[in-house]
Amino acid sequence: MSTVPPSVTELLAGWMPAQRWYPAKGRGVGLRPLGTLTLSGPDPDATIEVRVIGLDSGDRFDVVQVPLTYRAAPLPAGEHALVGTTEQHGRTRWVYDGPHDPAYVTALLAALDHPAGRPVPAPSRSRVLRGEQSNTSVIVDVDGSGPLIVKVFRTLHPGDNPDVEVLRGLDGFPQVPAVIGWLGGTWRTPGGDEANGHLAVATEFVADGRDAWREAVAAVEEGRDFSAEAHGLGAATARLHAALADAFGTTPAGADARRATEEGLRERIAWALRSTDALDRHRATLADRAGHLALSDVPDLQRVHGDYHLGQVLHSPSRGWVVLDFEGEPLRALHERTRPDLALRDVAGMLRSFDYAAGQVQVATDDAATAGAAAAWAADARDAFCRGYASVAGADPREHGELLTALELDKALYEVVYEAGNRPDWIDVPLHAVDRLVSTDRT
């Protein structure tokens, strides 16, 4: 008895939920084709298309892109990227996840729009980065120039992707990667209207860049002072904020912005207290803070990074600190990620990141002295970062004490709820921050 080969849609329905970037994990969804883009490549044995697919779970609708290559024979060493096999015109086709196939990478680079005078060279070799949660990035070696990194956006939103918009706006600023090119696309919305957005962006790859998170964790583990590095990062952050303000402008923060900030923290406190009993020791204090929060000073709003932490920064011996990934928090709506915000929110995110670097040691030891040394390391790094920021901005972020405390507390409460549900062994890291932030004495 013969069997009917699965369609590509059926292959994707079984394959996508196992991918790290899949946004609908744990939810039953219906797949809705929304658009297809065909790319021309140099390999006659590979057909290349980009499928845009809607994931409808009833109360939520996500849009994802899946670049695919179709081959008449298996791709050598491509088993890890195989989506499945199907039939087209009576012939078996092997279907692959495009970023892992050199044919797709070559075709994508050739299709990019790019700044005047910056044609995209042909690749000689490519490899996919591992471990990404929401996108797929490909390192591309090119003959005669430095490597590139191509980020394929898996979840799509109508409008300009912030990673493209910000890098184009900061073109020439040395603390961000130079943008090489970008690819736009069109698809249908659930209502049948046309939507336009970015599918991918290519930037320079900072080959000599060292991940700031790994550098910081290594410093904690070795008991090595990180103050000089944190001071430099603070200065670089202030320069970044100045460049963003120049490129995208600022908005005076009036009473509405102050009220929105206050209401945001009240909602975060209420949500955190509902979500976990780990905050019971501060329940009365937090409830009181929510009821009496009245911020007196909110600085101008501007474009910010939006998801700023040590994992978003590289240190390059040749050019200093380089900031990556301007998409903002991936779970927030696009309009929320692109609207003007408080630069202090980025500062608060980095201060929390120093605590988490120290937490790598704190959660792995029962020795009070070792844990105390890690906590002191974090305090010194936070202090140095703020002093570095002030050396460029002319004002220490801690001068906005009440506001900075509120923004750090907002982040720490989110972290408590996250750790309670995912990594209970880590919950003391944000809980200690809450202890510090709700007290009258701040480090």
Quick check: H231 with F385 (ring centres under 6.0 Å apart)?
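Centroid separation for F385 and H231: 6.0 Å or greater.
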
Please find out if less than 6.0 Å separates the ring center of H241 from that of Y389.
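Yes, they do, as the ring centres are separated by less than 6.0 Å.
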
Are any non-hydrogen side-chain atoms of [X] and [Y] less than 4.5 angstrom apart?
| X | Y | answer |
| --- | --- | --- |
| L403 | L342 | yes |
| M16 | W21 | yes |
| D325 | K151 | yes |
| L351 | L404 | yes |
| W213 | S353 | yes |
| V429 | Y356 | yes |
| V323 | Y308 | yes |
| V313 | M350 | yes |

As an exercise, state the distance from [atom1] of [X] to [atom2] of [Y], rounded to the nearest 0.5 Å.
| X | Y | atom1 | atom2 | answer |
| --- | --- | --- | --- | --- |
| L68 | L12 | CG | CG | 5.5 Å |
| D246 | F248 | CG | CZ | 11.0 Å |
| L34 | T186 | CG | OG1 | 12.0 Å |
| I139 | F205 | CD1 | CZ | 4.0 Å |
| F326 | Q312 | CZ | CD | 9.0 Å |

[X] to [Y] - nearest heavy-atom pair and separation:
| X | Y | result |
| --- | --- | --- |
| P177 | L324 | CG-CD2, 3.6 Å |
| A103 | A46 | CB-CB, 3.8 Å |
| A278 | L431 | O-CD2, 3.7 Å |
| P147 | A207 | CG-CB, 4.3 Å |
| T189 | A195 | CG2-CB, 3.8 Å |
| A243 | L170 | O-CD2, 3.7 Å |

If we count only N and O atoms by modelled type, under 3.5 Å, do the side chains of S318 and S316 hold a donor and an acceptor together?
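Yes, S316 and S318 have a side-chain donor paired with an acceptor closer than 3.5 Å.
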
[X] (side chain) donor-acceptor with [Y] (main chain) under 3.5 angstrom:
| X | Y | value |
| --- | --- | --- |
| T86 | R93 | no |
| H198 | N161 | yes |
| S391 | G388 | yes |
| Q175 | A236 | yes |
| R188 | P33 | yes |
| E419 | W426 | no |
| T365 | V361 | no |

Count the heavy atoms of every other residue, nucleotide or ligand shown that sit under 6.0 Å from CZ of R224, and state whether that count exceeds 12.
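Counting other residues, nucleotides and ligands, CZ of R224 exceeds 12 neighbours.
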
Quick check on R423: does its CZ atom have over 12 non-hydrogen neighbours (other residues, nucleotides or ligands) under 6.0 Å away?
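Enclosed: over 12 neighbouring heavy atoms sit under 6.0 Å from CZ of R423.
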
Could you give the side-chain donor-acceptor pairs of residues 24-31 under 3.5 Å, partners two or more places apart or in another chain?
unit_1: K25; atom_1: NZ; unit_2: Q19; atom_2: O; d: 2.6
unit_1: K25; atom_1: NZ; unit_2: R20; atom_2: O; d: 3.1
unit_1: K25; atom_1: NZ; unit_2: Y22; atom_2: O; d: 3.2
unit_1: R27; atom_1: NH1; unit_2: S57; atom_2: OG; d: 2.5
unit_1: R27; atom_1: NH2; unit_2: P23; atom_2: O; d: 3.0
unit_1: R27; atom_1: NH2; unit_2: D62; atom_2: OD2; d: 3.1

[X] and [Y] ion-paired at < 4.0 Å:
| X | Y | answer |
| --- | --- | --- |
| E263 | R266 | yes |
| D208 | R319 | no |
| R337 | D307 | no |
| D101 | R71 | yes |
| R352 | D355 | yes |

Matching residue for L199 among W187, W182, F153 - test: side chain to side chain contact (heavy atoms under 4.5 Å, CB included):
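Only match with L199 under side chain to side chain contact (heavy atoms under 4.5 Å, CB included): W187.
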
For residues 47-56, tabulate all N or O donor-acceptor pairs below 3.5 Å that involve a side-chain atom, not counting sequence neighbours.
unit_1: E49; atom_1: OE2; unit_2: R51; atom_2: NE; d: 2.5
unit_1: E49; atom_1: OE2; unit_2: R51; atom_2: NH2; d: 3.2
unit_1: E49; atom_1: OE2; unit_2: Y70; atom_2: OH; d: 2.4
unit_1: D56; atom_1: OD1; unit_2: G58; atom_2: N; d: 3.0
unit_1: D56; atom_1: OD2; unit_2: R32; atom_2: NH2; d: 3.2

Pair V95-W15, side-chain contact (heavy atoms from CB on, under 4.5 Å): steps then yes or no:
CA-CA 11 Å; V95 185; W15 176 81; over 6 Å; no

Test salt bridge (charged side-chain N to carboxylate O under 4.0 Å, His left out) on D171 and R168 and set out the steps.
CA-CA 5 Å; D171 191 31; R168 291 179 65 182; over 6 Å; no

Determine, stepwise, if the pair Q362 / D428 fulfils side-chain contact (heavy atoms from CB on, under 4.5 Å).
CA-CA 9 Å; Q362 292 169 315; D428 281 346; over 6 Å; no

